[in-house]
Participant: 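Dropping a structure here in structure tokens format, bear with me for questions.
Residue numbers begin at 1 in each chain, while the letters A, B, ... track the order of the sequences.
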2 protein chains.
Amino acid sequence: MEQRIDRIKKQLHSQSYKLTPQREATVRVLLEHEDDHLSAEEVYMLVKEKYPEIGLATVYRTLELLTELKVVDKINFGDGVSRYDLRQEGADHFHHHLVCLECGAVDEIQEDLLGDVEKVVEKRWNFEIKDHRLTFHGICYRCRT
Amino acid sequence: MEQRIDRIKKQLHSQSYKLTPQREATVRVLLEHEDDHLSAEEVYMLVKEKYPEIGLATVYRTLELLTELKVVDKINFGDGVSRYDLRQEGADHFHHHLVCLECGAVDEIQEDLLGDVEKVVEKRWNFEIKDHRLTFHGICYRCRT
DNA sequence: ATTGTTATGATAATCATTATCATTTGACAG
DNA sequence: CTGTCAAATGATAATGATTATCATAACAAT
């Protein structure tokens, strides 16, 4: 935990940003909820427990900054809000998601399943892939009877 | 074109919806811009040329209805708006997208590239796949020098 | 200490989407 | 036909997420 924060701190400094107390509190919330997919509002509520004076705008700005630094990914599952998802450290690809139509759960797939598909796309469509988003919609193992 | 409208009409009737002039005008716009990924506002502007009295709310309602009937898919590329994409007739899967980070173009991949991947996901994660969304972000063939 | 840049918090503004509601349309029964 | 009723529409208000503004605070560098 502390090491990860330290690395994020260095990453910020390398672009001459500071790790202010507000930003650190926000990062901590994200690390503590690594498996969730929190909205900005949800992050705000949780950060307030650590740092009650923080404003919503600061949370939005911090999340935007972290997105820019590729510490988090901003994703959208079709409900009206953006959600923020911590990247795996050192992962060269963005993980995939399983969204359950029954219970709404969002599970993650860390494995890279798209290696072969990406080769095909790069070659056949002459497209230089930088990133991808893959989401499956269906029924999760919990809801299958 | 006329046949496709006719089939959509039947699909509407089968759920006891009507193909009103407003709805027909909207469907025509979508068919005429099959390769684009129009936002609700853009659809509205284009429909107005055919049917100037139409209201924005009706366009939203029609797009919602068509989404429900799976005539179109509602997608989100991360700019603030939802976009509507006509399904290929008879396609059992949703096509994929290539979003160019350079010029913003959105190209489509009609081929189903995920067959094998889906088998793995169904088995290994015990997840019953109903639908998927796959988008690649990168540099399109036009922007590669 | 002084200056200047960056970050913050409160709040107003924006913008897409949804809800409301009075009116219109069109199918159907008598 | 004519009246009835549910569905659809259009204008507009309301909502809700996100962004912009701006005065103030923090803080590094001279």
Participant: B/Gln88 and B/His95: side-chain donor and acceptor closer than 3.5 Å?
Facilitator: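 Result is no, nothing qualifies.
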
Participant: Shared ILVMFWY cluster between B/Tyr60 and B/Val43, side chains joined below 4.5 angstrom?
Facilitator: yes

Participant: Look at all strands and tell whether B/Tyr51 reaches a base, only sugar-phosphate, or nothing, counting heavy atoms closer than 4.0 Å.
Facilitator: sugar-phosphate

Participant: D/dC27 C1' sits how many Å from A/His13 NE2, rounded?
Facilitator: 12 Å

Participant: Nearest whole angstrom, please: distance from the P of D/dA17 to the OH of A/Tyr44.
Facilitator: 13 Å

Participant: How long is the line joining CD of B/Glu53 and P of C/dT25, in whole Å?
Facilitator: 10 Å

Participant: Any salt bridge between A/Glu2 and A/Arg28, counting N to O under 4.0 Å?
Facilitator: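 Result for this pair is yes, salt bridge flagged.
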
Participant: Identify the heavy atoms of A/Thr62 and A/Arg23 that sit nearest to each other, and give their distance.
Facilitator: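 Minimum heavy-atom separation between A/Thr62 and A/Arg23: OG1-CG, 3.7 Å.
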
Participant: I want to confirm an ordering. Mapping B/Ala57 and B/Gly80 to their closest nucleotides on DNA chain C, which one lands closer to the 5' end?
Facilitator: B/Gly80

Participant: A/Asn76 has an atom CG; how far is it from atom P of D/dG16, in whole Å?
Facilitator: 18 Å

Participant: What is the nucleic acid contact for B/Ser82, judged by heavy atoms within less than 4.0 Å: base, sugar-phosphate only, or nothing?
Facilitator: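 Sugar-phosphate, backbone atoms only, no base.
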
Participant: Quick one: label B/Glu41 by what it contacts on the DNA or RNA (base, sugar-phosphate, nothing), any heavy atom closer than 4.0 Å.
Facilitator: nothing

Participant: Using whole Å, what does the distance between atom P of nucleotide C/dT8 and atom CG of A/Leu56 come to?
Facilitator: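 For the pair A/Leu56 CG and C/dT8 P, the rounded distance is 13 Å.
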
Participant: Think B/Arg23 has a side-chain N or O under 4.0 angstrom from the OP1 or OP2 of D/dT9?
Facilitator: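 Yes.
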
Participant: Between D/dG10, C/dT8, C/dT17, spot the one nearest the side chain of A/Thr20, thanks.
Facilitator: C/dT8

Participant: What nucleotide among C/dT17, C/dG9, C/dT20 has an atom nearest to a side-chain atom of B/Arg61?
Facilitator: C/dT20

Participant: Given C/dT11, C/dA7, D/dA7, identify the nucleotide with an atom nearest to the side chain of A/Lys18.
Facilitator: C/dA7

Participant: I want to check one thing: is the phosphate of C/dT25, taken as OP1 and OP2, less than 4.0 Å away from some side-chain N or O of B/Gln22?
Facilitator: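 No, because none of the side-chain N or O atoms of B/Gln22 sits under 4.0 Å from OP1 or OP2 of C/dT25.
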
Participant: Please report the distance, rounded to the nearest Å, between CD in B/Glu24 and P in D/dA8.
Facilitator: 16 Å

Participant: How many Å lie between OH on A/Tyr17 and C1' on D/dA28, as a whole number?
Facilitator: 17 Å

Participant: Rounding to an integer number of Å, can you tell me how far A/Leu65 CG sits from D/dT18 C1'?
Facilitator: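 Going from CG in A/Leu65 over to C1' in D/dT18 covers 17 Å.
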
Participant: Tell me whether B/Tyr84 is reachable from B/Tyr51 by hopping between hydrophobic residues (I, L, V, M, F, W, Y) whose side-chain heavy atoms are closer than 4.5 Å.
Facilitator: yes

Participant: Taking the side chain of B/Tyr60 as its heavy atoms from C-beta onward, which of C/dT18, C/dT11, D/dG10 lies nearest to it?
Facilitator: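 The closest nucleotide is C/dT18.
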
Participant: Using heavy atoms to find the nearest nucleotide of DNA chain C for B/Lys74 and A/Thr58 separately, return the residue whose nucleotide is more 5′.
Facilitator: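 In this pair, the answer is A/Thr58.
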
